[in-house]
Amino acid sequence: MTDLKLALLQCASQPGDVLGNLQRLDHAAADAAAAGAHLLVTPEMFLTGYNIGATQARVLAEAADGPRAQAVAAIARQHQIAIVFGHPEHDATGHIFNTAQCVDAQGHTLGTYRKTHLFGELDRSMFSPGAGDEPLFELQGWQLGLLVCYDVEFPENTRRLALQGTDLIIVPTANMADFDFVAQHLVPTRAYENQLFVAYANFCGREGDLAYGGLSCVASPEGAGLVQAGRETELLLADVTRAGLAAGRALNGHLALCRANADLL
């Protein structure tokens with residue numbers, strides 16, 4: 001396991017502009033790679049926009065290995081950086097999911113995750129819930145898990161990943177300004193109680209009737225906020241280290257006790 005440098009892209013949503021969003025991703029990947037980052041994380045549904053409605057979600061939905069994913073893989077290869085991106089995905093039966101995917105620096109898909117906890121009528125009108133049974137995946141010796149936005153607000157989701165051996169949870173989000181508590185307090189709490197790192201990448205600005213809060217952040221296993229963005233567009237950089245992981249896991253015994261009492265969960 002080597003230390004990882006993360007880059008989180010906080011930006012406004014450009015709904016429906018897939019080509020423009022791929023161009024923005026290309027620029028962000030170039031900047032992140034130039035800064036030495038190993039992994040670039042984008043907000044929820046970055047490639048299509050989040051507040052797009054059921055009709056657009058169905059029109060824009062693609063297979064997990066469709067043209068959009070292939071375009072992201074090409075960007076990852078060009079800049080030699082792993083990328084987490086979000087978009088509407090359809091399966092073979094036509095169900096549509098709010099999906100986050102990770103490709104490595106060679107463009108190979110490492111992990112795919114479908115949002116399980118759908119937020120309000122906006123989510124429920126567009127998506128089916130995922131099963132939450134996706135396996136962890138490895139990046140440079142780190143065990144990574146994915147959640148999407150509202151998922152991280154339910155402790156069972158992060159605990160499930162922690163018990164599987166996750167070192168870092170990546171959370172693309174589209175969180176509104178009314179819910180600043182999540183980025184400021186809940187994300188560090190999830191990191192502390194599960195003895196792992198959590199990276200939370202949000203939109204800023206407005207998308208239709210939604211006003212996003214920004215405040216993208218990375219929290220450490222000690223419950224500290226390593227870095228936090230403000231309200232504007234930003235490429236946020238953070239180092240997650242082996243030493244930080246070990247220090248957090250030495251600080252408390254929450255996870256060991258949960259494993260010992262697994263029959264009570």
Side-chain angles (χ1 to χ4, degrees), residues 1-10 25-43 69 72-86 100-113 134-147 152 158-172 187-188 190-201 216-229 234-252 254-256 259:
M1 180 187 288
T2 61
D3 294 344
L4 282 179
K5 182 179 285 291
L6 306 180
L8 279 62
L9 177 61
Q10 178 171 292
L25 181 64
D26 184 51
H27 295 153
D31 291 343
H38 304 98
L39 174 64
L40 171 64
V41 184
T42 64
V72 175
I75 292 170
R77 285 193 299 271
Q78 179 181 353
H79 299 292
Q80 285 295 287
I81 187 170
I83 299 173
V84 170
F85 64 99
Q101 292 180 228
C102 182
V103 296
D104 66 15
Q106 289 73 49
H108 302 133
T109 298
L110 297 179
T112 299
Y113 173 82
E134 295 87 350
L136 305 183
F137 57 94
E138 183 177 319
L139 180 67
Q140 296 193 194
W142 289 71
Q143 292 297 310
L144 271 58
L146 290 166
L147 295 175
V152 79
T158 48
R159 181 52 51 83
R160 169 179 57 82
L161 293 174
L163 289 172
Q164 291 175 16
T166 308
D167 303 312
L168 167 65
I169 298 177
I170 303 293
V171 189
V187 167
R190 292 287 176 264
Y192 176 82
E193 68 191 3
N194 291 291
Q195 299 168 275
L196 42 70
F197 288 95
V198 180
Y200 187 80
S216 299
C217 62
V218 179
S220 79
E222 296 175 277
L226 293 181
V227 293
Q228 184 153 61
E234 182 175 347
L235 187 67
L236 189 67
L237 299 171
D239 293 307
V240 297
T241 67
R242 292 172 294 172
L245 192 64
R249 289 176 173 174
L251 185 63
N252 69 62
H254 290 177
L255 202 56
R259 287 196 174 102

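By convention here, the first residue in the shown sequence is residue 1.
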Legend entry - Min side-chain heavy-atom separation F197-L6 under 4.5 Å: no
Inset, instruction - Compare all side-chain heavy atoms of L245 with those of Q195 and state whether any distance is below 4.5 angstrom. - result: no
Inset, instruction - For the residue pair I75 and V103, establish whether any side-chain heavy-atom pair is separated by less than 4.5 Å. - result: no
Legend entry - Distance in Å, L168 CG paired with L144 CG, rounded so as to fall on 0.5 Å steps: 4.5 Å
Legend entry - Minimum heavy-atom distance between T241 and W142, given as atom pair plus value: O-CH2, 3.6 Å
Inset, instruction - Go through the structure and list residues passing side-chain contact (heavy atoms from CB on, under 4.5 Å) with E234, not counting sequence neighbours. - result: A229, L236
Inset, instruction - Give, for atom OG1 of T166 and atom CG of N194, the distance between the pair rounded to the nearest 0.5 Å. - result: 9.0 Å
Inset, instruction - Quickly, which of I170, L235, V41 forms a side chain to side chain contact (heavy atoms under 4.5 Å, CB included) with L8? Name it, please. - result: V41
Inset, instruction - Check whether any side-chain heavy atom of L136 lies under 4.5 Å from a side-chain heavy atom of L161, and answer yes or no. - result: yes
Inset, instruction - Determine, for R242 against D167, whether the closest basic-nitrogen to carboxylate-oxygen distance falls under 4.0 angstrom. - result: no
Inset, instruction - Please report the shortest heavy-atom distance between A7 and A37, naming the atom on each side. - result: CB-CB, 3.8 Å
Legend entry - Non-hydrogen atoms of Y113 and E134 that approach each other most closely: CD1-OE1, 3.3 Å
Inset, instruction - Check each of V218, L39, V198 against V240 using the side chain to side chain contact (heavy atoms under 4.5 Å, CB included) test, and report the only one that passes. - result: V218
Inset, instruction - First locate atom CD1 of I169, then atom CG of L147, and finally report the distance between them rounded to the nearest 0.5 Å. - result: 5.5 Å
Inset, instruction - Compare every heavy atom of G165 with every heavy atom of Q143, then report the nearest pair and how far apart it is. - result: CB-O, 3.4 Å
Legend entry - F137 and T109, any side-chain heavy atoms less than 4.5 Å apart: no
Inset, instruction - Assess whether side-chain contact (heavy atoms from CB on, under 4.5 Å) is satisfied between L40 and L9, documenting all intermediate values. - result: CA-CA 7 Å; L40 171 64; L9 177 61; 4.2 Å; yes
Inset, instruction - Check whether any side-chain heavy atom of T158 sits under 4.5 Å from a side-chain heavy atom of V152, and report yes or no. - result: yes
Inset, instruction - May I have the step-by-step check of side-chain contact (heavy atoms from CB on, under 4.5 Å) for R190 and L196, ending in yes or no? - result: CA-CA 8 Å; R190 292 287 176 264; L196 42 70; over 6 Å; no
For residues 78-86, run the donor-acceptor check on the side chains, cut-off 3.5 Å, and write out each pair with its distance to 0.1 Å, sequence neighbours left out.
| unit_1 | atom_1 | unit_2 | atom_2 | d |
| --- | --- | --- | --- | --- |
| H79 | NE2 | D26 | O | 3.4 |
| H79 | NE2 | D26 | OD1 | 2.7 |
| Q80 | NE2 | R77 | O | 3.0 |
| Q80 | NE2 | A105 | O | 3.0 |

Inset, instruction - Report the distance from atom CD of Q140 to atom OG1 of T2, rounding to the nearest 0.5 Å. - result: 4.0 Å
Legend entry - Closest heavy-atom pair and its distance - P221, G244: CG-O, 3.9 Å
Inset, instruction - Specify the closest pair of heavy atoms between L146 and A100, including all atoms of both residues, with the distance to one decimal. - result: CD1-O, 3.6 Å
